[in-house]
Amino acid sequence: MQEYNLELTNGEKIPAGTMYCIGRNYSKHAKEMGAEVPEEPIVFLKPPTAMLCDGDKFEIPEFSNNVHHEVELVVVINKDCHKIEKSDASSYILGVGVGLDFTLRDVQQIAKDKGLPWAVAKAFAGSSPISKIIPFDSLNKKIEELEISLDVNNVQKQSEKISAMERSTEDLIYYLSKVFKLRRGDIVFTGTPEGVGQVHSGDKLCAKLDNLLDLNIEII
């Protein structure tokens with residue numbers, strides 16, 4: 001059986017857990033999608049089998065003709081937690097990285113129109129490449145001072161500071177812990193900024209977390 005492990009920049013590996021993904025956490029992205037920033041976080045889940053790693057190839061599913069890139073800050077949980085205090089949220093962060101939430105936009109739209117879940121459009125195999133993870137205690141900046149970006153074929157398509165998020169990483173961990181029992185190795189995809197767009201076979205993507213990490217994925 002294939003193992004799905006997160007790799008830290010210090011060489012440590014831990015099993016990847018559930019991915020908790022947040023929708024519309026940047027106001028400009030909500031606007032480009034013709035939607036409002038929600039009053040409560042929009043949450044959808046992905047299994048560990050959605051994971052790809054730096055240098056992997058992403059195969060466009062045969063049941064979609066419109067796959068979009070969405071670059072995101074990812075936060076990894078370091079210990080089990082449930083119903084935590086908001087002031088303690090940062091103590092549950094193992095580390096941070098950058099990820100891609102590939103979305104089958106055509107499949108998602110059909111689901112939206114019918115009032116159905118987004119699982120097929122979001123949680124399919126290989127839908128979430130994740131970079132190596134920087135241990136939280138070795139960051140030289142506060143998380144909100146970091147920036148994520150995405151280049152497609154060496155052309156920048158997305159770029160934004162984490163401070164532009166509607167809800168901070170601490171807000172999200174606090175909220176998720178009220179609803180779910182988070183476990184070590186669980187991953188929070190914190191939302192994507194504006195600039196999402198379609199990818200095509202042959203594209204080369206490079207997602208970046210500041211000047212700290214790169215995540216390189218080729219589309220096939």
Side-chain angles (χ1 to χ4, degrees), residues 4-10 12-30 36-48 50-51 70-101 122-123 128-149 158-193 207-210 212-213 215:
Y4 294 88
N5 292 317
L6 296 163
E7 184 177 351
L8 278 63
T9 54
N10 62 12
E12 181 184 357
K13 293 183 179 182
I14 64 170
T18 301
M19 302 179 193
Y20 296 88
C21 306
I22 308 299
R24 298 188 217 158
N25 200 28
Y26 290 84
S27 61
K28 291 180 181 178
H29 171 61
E36 301 291 331
V37 174
E39 292 185 9
E40 294 286 333
I42 295 174
V43 183
F44 57 93
L45 306 183
K46 298 192 184 199
M51 183 179 169
E70 300 187 8
V71 67
E72 308 198 14
L73 173 79
V74 297
V75 178
V76 179
I77 301 300
N78 70 352
K79 53 187 175 181
D80 296 2
C81 60
H82 183 49
K83 296 182 179 179
I84 66 172
E85 297 293 331
K86 187 174 180 179
S87 58
D88 293 334
S90 63
S91 69
Y92 290 91
I93 299 175
L94 173 69
V96 298
V98 64
L100 291 167
D101 170 23
K122 286 283 195 178
S128 291
I130 299 174
S131 71
K132 290 184 178 181
I133 302 300
I134 303 172
F136 186 52
D137 58 10
S138 68
L139 276 178
N140 57 9
K141 291 183 179 181
K142 295 180 179 179
I143 290 179
E144 59 269 23
E145 295 174 343
L146 298 171
E147 183 174 346
I148 52 173
S149 64
Q158 293 184 267
S159 179
E160 188 59 273
K161 289 192 177 295
I162 301 306
S163 58
M165 292 198 309
E166 294 296 313
R167 296 176 177 87
S168 70
T169 53
E170 289 84 359
D171 291 336
L172 295 175
I173 293 170
Y174 168 67
Y175 176 82
L176 291 170
S177 81
K178 291 193 301 181
V179 181
F180 305 97
K181 289 184 177 181
L182 302 180
R183 305 187 68 181
R184 177 177 170 83
D186 284 349
I187 304 153
V188 182
F189 273 71
T190 59
T192 194
K208 302 177 183 179
L209 177 60
D210 247 44
L212 304 173
L213 282 175
L215 170 64

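Worth knowing before you read on, the calculation uses all heavy atoms, side chains too, and leaves out hydrogens, waters and symmetry mates.
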Asker: Return the set of residues passing side chain to side chain contact (heavy atoms under 4.5 Å, CB included) with K83 (not counting sequence neighbours), or none when no residue passes.
Answerer: none
Asker: Stepwise, does the side chain to side chain contact (heavy atoms under 4.5 Å, CB included) test hold for I133 with V74?
Answerer: CA-CA 9 Å; I133 302 300; V74 297; 4.2 Å; yes
Asker: Checking K181 now: which residues fulfil side chain to side chain contact (heavy atoms under 4.5 Å, CB included) with it, not counting sequence neighbours?
Answerer: H82
Asker: Look up atom CD1 in I148 and atom CG in L213, then write down how far apart they are to the nearest 0.5 Å.
Answerer: 12.5 Å
Asker: To the closest 0.5 Å, what do you measure between NZ (K132) and CG (L8)?
Answerer: 10.0 Å
Asker: Under a 4.5 Å cut-off applied to non-hydrogen side-chain atoms, are P135 and N10 in contact?
Answerer: yes
Asker: Give the C-alpha distance, both sets of side-chain angles, the deciding distance and a yes or no for side chain to side chain contact (heavy atoms under 4.5 Å, CB included) between D101 and M19.
Answerer: CA-CA 11 Å; D101 170 23; M19 302 179 193; over 6 Å; no
Asker: Quick one: does V43's side chain get under 4.5 Å of I22's, heavy atoms only?
Answerer: yes
Asker: With sequence neighbours left out, write down each residue that passes salt bridge (Lys or Arg N to Asp or Glu O under 4.0 Å) with R184, or none if nothing qualifies.
Answerer: E12
Asker: For the atom pair SG (C21) and CD1 (I187), what is the distance rounded to the nearest 0.5 Å?
Answerer: 9.0 Å
Asker: In chain order, what residues pass the ring pair (Phe, Tyr, Trp, His ring centres under 6.0 Å) check against F189, with sequence neighbours excluded?
Answerer: none
Asker: Roughly how far, to the nearest 0.5 Å, is OG1 of T18 from CZ of F180?
Answerer: 9.0 Å
Asker: Of all the heavy-atom pairs spanning G17 and P48, show the shortest one and how long it is.
Answerer: O-CG, 3.4 Å
Asker: Compile the donor-acceptor pairs under 3.5 Å between side chains in residues 168-179 and protein atoms, sequence neighbours left out, one pair per line.
Answerer:
unit_1 : atom_1 : unit_2 : atom_2 : d
S168   : OG     : E170   : N      : 3.4
S168   : OG     : E170   : OE1    : 3.4
S168   : OG     : D171   : N      : 3.1
S168   : OG     : D171   : OD2    : 3.2
D171   : OD1    : K86    : NZ     : 2.7
D171   : OD2    : S168   : N      : 3.2
S177   : OG     : I84    : N      : 3.2
S177   : OG     : Y174   : O      : 2.9

Asker: Rounded to the nearest 0.5 Å, what's the gap from CD1 on I134 to CG on D210? Could you check?
Answerer: 8.5 Å
Asker: So, using side-chain hydrogen bond (donor to acceptor under 3.5 Å, both in side chains) as the criterion, who are the partners of S128 when residues are at least two apart?
Answerer: K46
Asker: Could you tell me whether a side-chain N or O of E7 sits under 3.5 Å from a main-chain N or O of K13, the two making a donor and an acceptor?
Answerer: no
Asker: Within the distance-only criterion (no hydrogens, no angle test), does the side chain of N25 pair as donor or acceptor with the backbone N or O of R167 below 3.5 angstrom?
Answerer: yes
Asker: Without placing hydrogens or testing angles, list every side-chain donor-acceptor pair under 3.5 Å for residues 88-99, not counting sequence neighbours.
Answerer:
unit_1 : atom_1 : unit_2 : atom_2 : d
S91    : OG     : D88    : O      : 2.6

Asker: With sequence neighbours excluded, tell me which residues meet side-chain hydrogen bond (donor to acceptor under 3.5 Å, both in side chains) with D80.
Answerer: none
Asker: Is any side-chain heavy atom of L212 less than 4.5 Å from a side-chain heavy atom of L146?
Answerer: yes
Asker: Is there a side-chain contact between L182 and Y20 (heavy atoms, below 4.5 Å)?
Answerer: yes
Asker: Report yes if some heavy atom in the side chain of V76 is under 4.5 Å from a heavy atom in the side chain of I14; otherwise report no.
Answerer: yes
Asker: State which residues pass side chain to side chain contact (heavy atoms under 4.5 Å, CB included) with P15; sequence neighbours excluded, sorted by chain then number.
Answerer: N5
Asker: Using the rule given for side chain to side chain contact (heavy atoms under 4.5 Å, CB included), can you reason through L6 versus M51, listing the C-alpha separation, both sets of side-chain angles and the distance that settles it, and then say yes or no?
Answerer: CA-CA 9 Å; L6 296 163; M51 183 179 169; 3.8 Å; yes
Asker: Report the residues that fulfil salt bridge (Lys or Arg N to Asp or Glu O under 4.0 Å) with E70, sequence neighbours left out, ordered by chain and then residue number.
Answerer: R105, K122
Asker: What pairs of donor and acceptor atoms, side-chain ones from residues 158-165 against any protein atom, are under 3.5 angstrom apart with sequence neighbours left out?
Answerer:
unit_1 : atom_1 : unit_2 : atom_2 : d
Q158   : OE1    : H69    : ND1    : 3.0
Q158   : OE1    : V71    : N      : 3.2
Q158   : NE2    : T192   : OG1    : 2.9
Q158   : NE2    : P193   : O      : 2.8
S159   : OG     : E147   : OE2    : 2.6

